[in-house]
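In what follows, a single structure is set out as structure tokens and then discussed.
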Amino acid sequence: DASYTVYLYIEDALSRNDGSVASVAIRTPAGRTTSVFDESPYVHGVPESSGFELRMKATGKGYAYGVVVPEGTDLASADAAIQGGPGALGSNACGSQYPRTPHTMPEMTVETMDFAGCGLAGGVTYWAYVLLCGTRASPNGAIWPDPWPCPNSIISNAVPVVVPFSAHFTSPPAIANITGDGVAVELSTSASGIAWLGIWNEATLGPEVTADMARNLTDALCSQSLMSTSTSLSQISVSGCQLLAGLRYTISVYVEAGGCAPNGCGGGELKLLQNVLVPFSNTLLAPMRLLGTSTESRVRIYVEASSVGLAWAKVVVEGPPHFHDVIEFDGHAQVICGSNFQVVPGPQELVISGCALTHEELYDVYVYLSGPMQYTDGTLSAPKTLRVAPGESNSFMPVPHVVGMSAKQKTLRLSFGAEVAGKAWASVVHSSQTEDFGRLQVIFPHDATCSLEAIEIQSGINELLLRNCIFEAGEDYVARVYLTNVRAGEDGVLSDPISLSLAFSNSLEVNPLLLQVPATDIVKMSFTPGKSGWAFVALLTPENATDISISEFVLGESDICQSSPVNVTGGIAEIVELSCGLAPLVLYKLLLYVEGGGDGTSWVLDGMLSPVVDVKVPASNTFMFQPYLDGTPTDSTVKLVSYPAASIGRMWVSVFVAGPGANGPVQAPVVTVDHLRNNENTDSIAEGGEACRRSNVTVLRLVEEIELSGCGLTRGVTYSAYVYVEDESNLGD
């Protein structure tokens with residue numbers, strides 16, 4: 001059992017030592033084999049890309065496994081591939097590698113083994129191997145292959161397999177023309193056929209392009225499929241490619257015989273044209289440079305072109321390189337402005353116009369030169385950085401002024417003229433906020449009455465309509481407008497403050513006045529409006545009534561109570577009653593709001609607030625004179641004298657700790673009417689029991705002498721006696 005390599009050299013009859021060498025691996029069988037090849041495997045018929053047939057004859061019965069491997073694969077590697085290891089080409093049907101069902105081999109009979117699904121390339125040499133296993137008898141007489149791996153096996157010599165080209169080049173492909181748009185290739189083929197042309201990135205896929213890649217063209221930069229070829233010299237081409245000048249590409253040309261498309265019959269020939277350079281269609285003979293002083297609307301540059309062609313110049317914000325090649329240059333979305341030009345050989349000035357640059361900011365300028373066809377094979381300059389001189393990017397012509405202001409519509413309309421098209425901001429604030437009302441406050445409004453941001457405007461007269469402006473009559477406001485060019489930078493112009501005020505839509509001929517003494521359940525008042533419209537009345541606490549605005553009052557969030565809207569007539573007195581449930585002896589503030597517009601459901605806020613009217617509900621009963629002690633109290637007895645009440649009613653009396661005594665501080669309780677009148681927690685904080693208090697006793701308009709007993713007071717401690725009186729209505733007032 002040994003392996004050998006047989007070499008074969010052939011040349012023509014001229015004996016010039018210019019022939020070809022081929023090699024084949026062989027192996028002599030071991031004496032232990034149960035079956036050997038009487039006829040070694042050989043190719044039957046013409047191999048195709050999909051597969052081929054091998055024929056062979058074995059000396060005894062057995063089983064065969066086949067495999068296809070790359071040319072040059074040694075016997076040991078082929079043996080491993082047959083046994084299920086790596087290295088086998090094609091699908092499992094390309095041979096019958098273990099553990100697939102082996103091919104049955106009869107004794108001394110020529111047998112055919114099919115290899116299918118191999119995917120072989122045309123013109124490439126492959127090696128096929130066959131492993132022959134002997135057999136053994138099973139207990140029931142059947143024939144089984146020896147347990148794998150076959151201890152008594154032999155592997156064949158390598159069988160060369162070559163799929164012939166269905167068509168091949170008789171004149172190798174040659175570049176006829178190449179530009180940034182594409183390439184044209186001249187060629188001729190052995191028969192009329194079909195060609196596939198592809199362009200590949202030389203630095204990545206170029207050297208690795210295979211026949212399958214050249215036919216499928218999936219990863220090609222640019223390609224053209226199914227072009228006709230002939231036996232005479234002809235051209236095929238591909239266009240629309242955006243190739244870059246100065247870069248190198250690989251050109252693939254793959255041909256097959258006619259009738260093979262679209263699925264292909266395999267066996268086509270591939271030629272690669274590598275290291276193909278795209279020439280420049282135009283170049284800069286000197287570096288591009290800036291001319292003069294750049295303005296916000298115009299940039300001048302100097303270029304020196306090598307050829308007739310076209311130029312594109314673009315301005316972008318200064319920074320890292322924006323464009324690495326002309327493809328990025330052509331598709332960049334952040335270009336501020338640009339122009340295109342026709343160029344001639346030699347130096348020339350190009351003017352980029354229609355810009356909207358920001359003063360004192362940095363920008364980069366690029367220029368691209370191409371030939372007359374505008375392909376991507378031109379020259380892209382390095383960037384030149386410019387700074388726009390100081391100044392303002394726009395101006396008012398004329399300045400902003402008010403053309404309409406409506407509290408009802410909540411709108412403000414401003415008119416102004418702009419020197420150039422651009423963007424405008426507007427903001428309105430209360431006059432109390434004008435101290436810091438500058439450019440930043442207009443652009444980034446905070447607590448503004450209303451505002452507009454970055455509104456596009458045209459050159460000439462423009463109007464801005466500000467909505468949702470909550471204006472109040474009698475209040476002063478200020479508006480400002482900030483104007484830039486379309487770049488919307490920080491070099492715009494800010495208008496002077498525009499003063500705004502809103503006239504009252506109604507007034508009061510007679511201010512509000514009370515028509516009767518307020519009661520806990522009713523407050524009655526009257527007023528006379530100056531014009532017809534709507535009004536309402538509300539009661540507030542003194543704290544909420546201080547410096548209240550119209551909008552705060554109308555919203556009513558701090559009201560104690562308020563009336564329904566009243567439709568009023570100018571010059572006619574109106575009477576309004578409020579039912580509020582007021583507390584006695586508490587001070588309230590009455591306010592009236594009247595306006596000329598509105599509909600009673602929504603308020604315009606251009607009306608007038610009345611002066612404040614004090615409202616206090618008197619107690620239902622009072623003391624003619626304050627009660628006083630009758631003599632010196634003891635630890636058990638307290639005598640009081642209460643002067644007649646203002647009216648007949650009811651009375652309550654209790655004694656409570658009032659402050660520190662001889663033995664140190666004492667916490668005095670907070671005493672309310674409920675403690676006396678309703679006995680709320682009275683037992684826990686009042687002194688003594690029922691004899692040391694009076695509850696709900698009748699009082700007349702007479703001097704009342706009150707004696708409390710059983711109080712259990714402590715000497716040296718201060719106490720207070722509380723006396724509460726009300727009328728007979730029992731309302732707690």
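In this chain, numbering begins with 1 at the start of the sequence shown. Since the structure is predicted, the reported quantities are computational estimates derived from the model, not experimental observations.
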Show the numbers, then the answer: is there a side-chain contact (heavy atoms from CB on, under 4.5 Å) between Ile457 and Phe416?
CA-CA 10 Å; Ile457 52 97; Phe416 62 90; 4.1 Å; yes
Check whether any side-chain N or O of Tyr724 sits under 3.5 Å from a backbone N or O of Ser654 as a donor-acceptor pair, and report yes or no.
no
What are the two closest non-hydrogen atoms of Ser642 and Ile706, and how far apart are they?
CB-CD1, 4.2 Å
Side chains of Glu296 and Ser393: donor-acceptor distance under 3.5 Å anywhere?
no
side-chain contact (heavy atoms from CB on, under 4.5 Å) between Val442 and Phe437: does it pass, once the steps are laid out?
CA-CA 7 Å; Val442 175; Phe437 191 34; 3.9 Å; yes
Under the criterion side-chain contact (heavy atoms from CB on, under 4.5 Å), which of Val299, Ile352, Val316 is the partner of Cys337?
Ile352
Verdict with supporting geometry, Val566 and Glu574, side-chain contact (heavy atoms from CB on, under 4.5 Å)
CA-CA 9 Å; Val566 179; Glu574 298 287 343; 4.1 Å; yes
Apply salt bridge (charged side-chain N to carboxylate O under 4.0 Å, His left out) to the pair Lys384 and Asp364, showing each step before the final yes or no.
CA-CA 5 Å; Lys384 286 292 182 182; Asp364 284 338; over 6 Å; no
I'd like to know if the side chain of Arg387 reaches the main chain of Glu360, judged simply by a donor and an acceptor atom lying under 3.5 Å from each other, with no hydrogens or angles considered.
yes
Between Tyr368 and Phe329, how do the two ring planes meet: parallel, tilted or perpendicular, split at 30° and 60°?
tilted
Expected output: side-chain Glu552 to main-chain Ile548 donor-acceptor under 3.5 Å:
no
From Asn621 CG over to Met651 CE, what is the distance, rounded to the nearest 0.5 angstrom?
10.5 Å
Examine distances only and state if a side-chain atom of Asn394 and a backbone atom of Val420 form a donor-acceptor pair shorter than 3.5 Å.
yes
Within a reach of under 6.0 Å around CD of Glu453, are more than 12 heavy atoms found that belong to other residues, nucleotides or ligands?
yes
Applying the side-chain contact (heavy atoms from CB on, under 4.5 Å) test to Leu357, which of Leu362, Asn485, Val315, Thr295 qualifies?
Val315
All heavy atoms of Asp491 vs all of Tyr482, minimum pair found to be N-OH, 3.7 Å
Presence of salt bridge, Glu577 and Lys524, under 4.0 angstrom
yes
For Glu349 and Leu291 the tightest heavy-atom approach is CG-CD1, 3.6 Å
List the atom of Ile498, the atom of Leu414, and the distance in Å for their closest heavy-atom pair.
CD1-CD2, 4.5 Å
Give me the atom names and distance for the closest heavy-atom approach of Gly417 to Leu483.
O-CD2, 4.4 Å
Minimal heavy-atom distance between Val568 and Lys531, with the atoms involved, is CG2-O, 4.0 Å
So, does Asn567 use its side chain to make a donor-acceptor pair with the main chain of Gly533 at under 3.5 Å?
yes
Any side-chain donor near an acceptor of the partner, Asn511 and Ser610, under 3.5 Å
no
Taking the side chain from Tyr588 and the backbone from Val617, do they hold a donor-acceptor pair closer than 3.5 Å?
no
Ignoring hydrogens and angles, state whether a donor on the side chain of Tyr593 or Glu595 is under 3.5 Å from an acceptor on the partner side chain.
yes
Ignoring hydrogens and angles, tell me if any N or O in the side chain of Thr528 forms a donor-acceptor pair with the backbone of Glu509 under 3.5 Å.
no
Can you tell me if Asp325 uses its side chain to pair, donor with acceptor, with the backbone of Phe323 under 3.5 Å?
no
Quick check on Gln348: does its CD atom have over 12 non-hydrogen neighbours (other residues, nucleotides or ligands) under 6.0 Å away?
yes
Counting only heavy atoms not in Gln516, do more than 12 fall under 6.0 Å of its CD?
yes
For the residue pair Glu419 and Ser395, confirm or rule out a side-chain donor-acceptor distance under 3.5 Å.
yes
Heavy-atom donor-acceptor pair, Ser532 side chain to Gly570 backbone, under 3.5 Å
yes
Are more than 12 heavy atoms from other residues, nucleotides or ligands located less than 6.0 Å from atom NE2 of His446?
no
Is the backbone N or O of Asp727 less than 3.5 Å from a side-chain atom of Ser620, with the two atoms forming a donor-acceptor pair by type?
yes
Are more than 12 heavy atoms from other residues, nucleotides or ligands located less than 6.0 Å from atom CZ of Arg467?
no
